[in-house]
Amino acid sequence: MAAAAAPDGGYAWFILLSCFLVFGLTFGVIKAFGVFYVEIHRYFETTATGTSWITSIAVATIHIVAPVASALSARFSHRAVVITGGLMCSLGVVFGAFANNLTELYLTVGFLNGFGYALTWTPTVTMLGYYFEKRRPVANALSSSGECIFTFVLTPLFQLLIDSFSWRGALLILGGLQLNLCVSGMLLRPLKATKDPTNGSEIKAAEESLEIRSVSKEDLDEVKSSCHVGKELEDADEWRVELCFEDPSDKHDMTEESTSRTKWTELKNKILLYVDYTLITNAQFMVYSMFGVFAALGFFAPALFLVPYARSKGIEEYQAAALMSISAVLDLFGRVFFGWVANLRLTETVQQLTATVILLGTVLLLCPLATSFSELVAFSAVYGLVYGATVAIHITVLAEVVGIQRLGSALGFFMLIRSSGGLLGPPIAGFFIDKMSDYGTGFLMAGVSLIVSALFLLLLHITNRRGQGTANKSQSTHKDNKGQSLGGEEKEEQDMT
């Protein structure tokens, strides 16, 4: 089955709207959760590391469950999976409002809520990739801008709700708000023939191969009798000729072997329909996944600790919350502008991503130098701009690495591999904060992690160049051989004349 052409318009804009809402109600909430962090830290009188595990578990669960979300979407539908995920998110946050200790928050706001996030985010982003091709960089940038806009709105809103109803009441309201994820799921409409054509062609070829190899007892008898006739098999396939010289007593063994091989191949084909596990043999994909691991160590910690860091410097609580809003505004601009730049194809997308990641790591390393409100405003603005430039294109690069046909499975595996970074990032930052009694050390850890992740992008770029060089060399060799063959034929014709 051939994949349907991406419409790049029409109903695709409703898919983009759905993805916009999902980004806002998942990662936008995670970035704004720093306001809750301060209150929960005080209420349970725990360490920075202990409190950071709530966000860390949610982020890690999103990554780990992503392949499951991809498989469920292939088995059922993207719409059904997203609606189910929205219900889980809402229930997780509502249950968390009644938590009596941190462990219960880990299980509800952390695990259950993160599980729902995975079921909503992964299928929606995959569906967006199906609906956009020419405008994919811009579409990814616009949809991910939902994270920025919701962070801008939710950060002061959460502070207001906490002041009015306590952190428990604010969580109850958030649980009701996240029911809108179900509305996002209802907007998803399947695009015909969006199943992975690569897998489909491979499965079809495998099935045709199996039809040839699976020879019944009657077929063997027919081949045996025809072997005595003489030359009736001269135009038959090679496998049939080989069967003529085999001992008839081996027919039963061959049939059993063929049957077992058929069952094993059918099992692999069924798995490939839902999860393309062959991606782990793709060297470029694995290099990009390692970039994701180290980038995740530094992606989530700054948003979680920016408000506490500002409060530790004596900044008033609403001013501290405003820093996240300022960061979100510049984040939005960065995503839209640099997504548009990527769409112009002025340079390779992986090169653009490498530059932004290095710059983001450098900005985070400079954060501890900011101590006053004006300096923190400048840091938040620059951090938001560069963060947006980075996030706007990292999914586009993944699609270029594996191809759009395998994006669903690749996104799931990428999130799964990246989960270790998302899980350990905030707690590691919290560990340094507890040891040094300074929130600035968390930003230093995040900056170093991002700069290390850029090394894998450089390796990916080198691998791509070598692959292109090898492909060009093989094409050139093929053309030379073809030219020599044609030249030889022309010379023979001249000699004959």
Side-chain angles (χ1 to χ4, degrees), residues 30-60 102 105 151 155 158-159 162 167 294-328 330-331 357-387 421-453:
I30 289 175
K31 290 182 72 173
F33 200 78
V35 178
F36 284 97
Y37 174 92
V38 176
E39 300 300 323
I40 294 172
H41 183 270
R42 289 178 178 175
Y43 185 86
F44 291 106
E45 298 179 349
T46 183
T47 62
T49 305
T51 310
S52 66
W53 275 109
I54 300 173
T55 302
S56 182
I57 291 173
V59 171
L102 280 178
L105 283 173
T151 301
T155 304
F158 285 164
Q159 187 64 61
I162 290 171
W167 65 270
F294 285 91
L297 285 171
F299 267 170
F300 302 102
L304 179 62
F305 294 117
L306 180 57
V307 173
Y309 175 73
R311 296 284 293 273
S312 70
K313 297 300 180 181
I315 307 299
E316 189 260 332
E317 57 185 18
Y318 278 96
Q319 285 184 325
L323 293 174
M324 285 301 303
S325 297
I326 293 170
S327 175
L330 272 297
D331 187 355
V357 168
I358 294 174
L359 186 57
L360 181 60
T362 304
V363 170
L364 290 174
L365 291 176
L366 297 175
C367 176
L369 299 178
T371 55
S372 65
F373 179 68
S374 59
E375 291 172 343
L376 284 170
V377 167
F379 164 77
S380 300
V382 176
Y383 166 73
L385 179 65
V386 184
Y387 182 87
L423 176 66
L424 298 177
I428 291 176
F431 172 79
F432 285 113
I433 291 170
D434 290 333
K435 290 295 183 181
M436 306 297 293
S437 299
D438 183 5
Y439 280 99
T441 56
F443 290 88
L444 294 177
M445 185 281 296
V448 171
S449 299
L450 284 165
I451 290 176
V452 172
S453 72

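A quick note: this is a predicted structure, and the numbers were derived from the prediction, not measured. Residue numbers count from 1 along this sequence.
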Shortest non-hydrogen separation from [X] to [Y] and the atoms involved:
X	Y	result
Pro368	Leu365	CD-O, 3.5 Å
Ala320	Ile315	N-CG2, 3.8 Å
Leu364	Ala446	CD1-CB, 3.9 Å
Ser380	Leu306	OG-CD2, 3.8 Å
Met445	Ala429	CE-CB, 3.5 Å
Pro302	Gly298	CD-O, 3.0 Å

Can you list the residues that meet the side chain to side chain contact (heavy atoms under 4.5 Å, CB included) rule with [X], with sequence neighbours excluded?
X	answer
Thr155	Ala32, Val35, Thr151, Ala321, Met324, Ser325
Leu424	Leu297, Ile428
Val377	Leu323, Ile326, Phe373
Ala295	Phe291, Phe299, Leu450, Ser453

**Asked** By ring pair (Phe, Tyr, Trp, His ring centres under 6.0 Å), which residues pair with Phe33, not counting sequence neighbours?
**Response**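 Result, ring pair (Phe, Tyr, Trp, His ring centres under 6.0 Å) vs Phe33: Phe36.
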- Apply ring pair (Phe, Tyr, Trp, His ring centres under 6.0 Å) to Phe379 and list each qualifying residue two or more places apart in sequence or on a separate chain.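 Applying ring pair (Phe, Tyr, Trp, His ring centres under 6.0 Å) to Phe379 gives Tyr383, Phe443.
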Any side-chain hydrogen bond (donor to acceptor under 3.5 Å, both in side chains) pairs touching residues 439-449, not counting sequence neighbours?
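For residues 439-449: none.
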| field | Listed once per pair and sorted, the side-chain hydrogen bond (donor to acceptor under 3.5 Å, both in side chains) pairs that draw on residues 304-319, sequence neighbours left out | value |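 The answer is Asp163-Tyr318.
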Within the supplied structure, the quantity of interest is the number of heavy atoms (other residues, nucleotides, ligands) at a distance under 6.0 Å from Phe432 CZ; does it exceed 12?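 Atom CZ in Phe432 is not crowded, with 12 or fewer foreign heavy atoms closer than 6.0 Å.
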Point to revise | Tyr387/Leu360 under side-chain contact (heavy atoms from CB on, under 4.5 Å): CA gap, chis, key distance, verdict | key: CA-CA 6 Å; Tyr387 182 87; Leu360 181 60; 4.1 Å; yes
ask   = Do Phe44 and Glu39 touch side chain to side chain, with heavy atoms closer than 4.5 Å?
value =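 Side chain of Phe44 against side chain of Glu39, heavy atoms only: no contact under 4.5 Å found.
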Review point. Is there a side-chain contact between Phe305 and Ile433, using heavy atoms and a 4.5 Å cut-off?
Key: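 In contact.
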side-chain hydrogen bond (donor to acceptor under 3.5 Å, both in side chains) with [X]: which residues, sequence neighbours excluded?
X	result
Ser437	none
Thr371	Glu375
Asp434	Thr49

| query | At what distance, to the nearest 0.5 angstrom, does SG of Cys367 lie from CG of Leu444? | reply |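 Here the interatomic distance stands at 8.0 Å.
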- Message: Whether the side chain of His41 engages the backbone of Thr51 through a donor-acceptor N/O pair (distance < 3.5 Å, no angle test) should be reported.
- Response: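 Answer holds: no.
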In sequence, state the C-alpha distance, the side-chain angles, and the governing distance for Ile40 and Trp167, and then conclude on side-chain contact (heavy atoms from CB on, under 4.5 Å). CA-CA 8 Å; Ile40 294 172; Trp167 65 270; 4.2 Å; yes
Exercise for review: Using the side-chain contact (heavy atoms from CB on, under 4.5 Å) rule, pick out the option among Val59, Thr55, Ile30 that qualifies with Leu304.
Suggested key: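 Running side-chain contact (heavy atoms from CB on, under 4.5 Å) over Val59, Thr55, Ile30 with Leu304 returns exactly one hit, Thr55.
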